[in-house]
Amino acid sequence: MSQVTLETAAAANPDMFDPSNIASLNVASPEIAVPRSAGSMYHVADQVGARSLWARGITGSGVTVALIDTGVARIGELEGVVAAVDFSVEQIDPSRQLVDSYGHGTHLAGIIAGCTPGANPATASEHPEWFVGIAPDADLVSVKVSGRDGQVSPEVLIGAVDWVTNNAADLNIGVLALAVDVPATTSYENCPLAAAIERAWHAGIVVVTAAGNNGAAGRLSAPAYHPTVIAVGALDFTEGRVAAADWSTTGDGVRNPDLAAPGAHIESLRAPGSLAADEHPEALLADGRFLGSGSSQAAAVVAGVAALLRQAHPSATPDEIKRMLVGGSAPLHADAAAVGAGLVDAVAALTVSTRNSTQRFAPAVGVESQPVIGVMARCTPSEWSGVSWSGVSWSGVSWSGVSWSGVSWSGVSWSGVSWSGVSWSGVSWSGVSWSGVSWSGVSWSGVSWSGVSWSGVT
């Protein structure tokens with residue numbers, strides 16, 4: 001396991017949380033009982049510098065993050081959900097429609113933008129009892145593609161990405177979090193999922209992906225292996241050190257995780273009655289929070305930081321946001337194949353020059369997906385808590401000529417990728433045509449929503 005001492009990491013980032021020095025935290029009184037676990041969101045906010053941005057009024061306000069996952073539970077800490085759409089097989093069941101019956105999506109949503117009702121991020125350091133995600137004032141759009149069994153078909157997954165792209169202007173979506181791990185059977189240029197997320201990127205959406213939880217694989221999975229998007233590796237802050245999580249997927253030295261973020265033993269929100277909650281009671285904490293580890297969690301942290309940067313720089317392009325995130329990362333004495341440029345640092349990212357930030361990579365080839373069948377609801381905070389729902393039906397067309405098999409969400413973590421060898425220039429991406437391209441003969445197998453190992457270990 002690659003690791004770096006806290007002293008070295010803190011020297012690179014003065015705002016970084018140091019669990020060996022609790023007194024250094026920005027708390028009002030030594031009597032305040034701060035959480036002991038480095039995986040609490042109270043400490044994760046300090047580890048990535050988010051609390052410093054909250055003090056400046058940068059909380060994600062005005063930014064919407066779309067989360068393609070297993071859905072989002074209707075609980076008080078997630079009142080920022082402004083719309084939800086269900087493309088899963090559970091959409092036909094009124095009791096499960098738009099509900100997170102698996103648990104993964106709720107855990108990630110809490111990390112991105114969860115917030116105790118009435119909590120003020122500017123004073124959150126004085127209230128460790130509050131739950132505050134990385135971008136607590138950001139809005140969320142829940143795009144549910146999987147039910148309680150954790151299964152999702154690739155055509156639904158790709159259709160969901162295109163749905164986000166097509167509805168981004170209407171819903172003000174600036175960031176897309178997609179923590180999915182698809183075994184790479186072809187190059188990204190020939191990958192339909194990579195083509196879909198590339199369309200989202202060129203439409204102005206910052207796409208954050210997880211590298212996977214396959215350890216020293218030496219190759220990132222799809223869609224993280226696409227060099228344009230942001231791929232995130234996972235770090236472990238426990239036991240008085242900062243280390244690359246040994247289960248976080250490594251790159252090949254050319255396409256590595258772009259950067260890394262906390263992803264081990266993260267205390268986030270629980271979806272009541274979900275598969276994760278029912279089958280892993282050992283992960284339930286006394287305050288109702290839930291423990292999860294994975295590069296999915298790390299990707300959610302970076303998606304939250306991306307929302308903060310979008311508020312601070314509303315006209316920035318996705319390439320510029322990526323440049324800020326990677327350029328501002330705190331270097332770690334760890335293998336770049338696992339952690340990329342280093343630990344995400346929201347404070348330093350604000351100071352990174354975005355001159356000549358446009359990325360130049362060969363485009364991915366793939367036709368735009370046909371609409372998939374789903375049920376959508378726009379909602380206010382009170383409606384999301386379960387008061388009222390108005391559903392809109394989305395009709396779909398079938399996919400032909402492609403072999404899709406067995407996509408599943410599993411307990412594996414999501415890790416990220418770095419951009420060593422990436423060329424940045426002032427050339428813009430324009431005029432790319434996706435029409436008329438055939439994807440026949442592409443075979444998908446074993447797609448996993450790597451998100452999480454649920455456990456009670458802190």
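In this text, all values refer to a predicted model and were calculated from it rather than measured experimentally.
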Review point. Is any side-chain N of the basic residue among D100 and K144 closer than 4.0 Å to the acidic one's carboxylate O?
Key: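 No, D100 and K144 are not salt-bridged.
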Any donor and acceptor pair, going by atom type alone, linking the side chain of [X] with main-chain N or O of [Y] inside 3.5 Å?
X: T351; Y: V347; result: no
X: S293; Y: A264; result: no
X: S146; Y: V152; result: no
X: N172; Y: G62; result: yes
X: S274; Y: R270; result: no
X: D137; Y: S61; result: no
X: Q47; Y: L343; result: no
X: E267; Y: F290; result: no
X: S248; Y: A234; result: yes

Hey, does [Y] have a side-chain heavy atom less than 4.5 Å from the side chain of [X]?
X: L108; Y: L67; answer: yes
X: V208; Y: L176; answer: no
X: W163; Y: V372; answer: no
X: Y42; Y: V132; answer: no

Where [X] and [Y] come nearest, the two heavy atoms and their spacing:
X: G328; Y: A348; value: O-CB, 3.3 Å
X: L220; Y: R255; value: CD1-O, 3.7 Å
X: V206; Y: P318; value: CG2-CA, 3.8 Å
X: V302; Y: A261; value: CG2-CB, 3.8 Å
X: R289; Y: L284; value: O-CD1, 3.5 Å

Check your understanding: Pairs in or reaching into residues 80-89: which pass side chain to side chain donor-acceptor pair (under 3.5 Å), with residues at least two apart or in two chains?
Key ->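 Listed by first then second residue: D86-S88.
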**Study point:** Residues that Y188 engages under ring-ring contact (aromatic ring centres under 6.0 Å, His included), provided they are two or more places apart
**Key:**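 Residues passing ring-ring contact (aromatic ring centres under 6.0 Å, His included) with Y188: H226.
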Review point. Quick one: do the W201 and D319 side chains pair a donor with an acceptor below 3.5 Å?
Key: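 Side chains of W201 and D319: pair found under 3.5 Å.
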**Study point:** Residue pair S268 / Q297, side-chain donor-acceptor N/O under 3.5 Å
**Key:**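 The answer is no; no qualifying pair exists.
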Exercise for review: Could you pull out all residues at least two apart from R219 that satisfy salt bridge (Lys or Arg N to Asp or Glu O under 4.0 Å)?
Suggested key: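 If we apply the salt bridge (Lys or Arg N to Asp or Glu O under 4.0 Å) test to R219, skipping adjacent residues, there are no hits.
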Exercise for review: Decide side chain to side chain donor-acceptor pair (under 3.5 Å) for H313 and E320; before the verdict, give the C-alpha distance in whole Å, the side-chain angles of both, and the deciding distance to 0.1 Å.
Suggested key: CA-CA 9 Å; H313 298 280; E320 289 171 338; over 6 Å; no
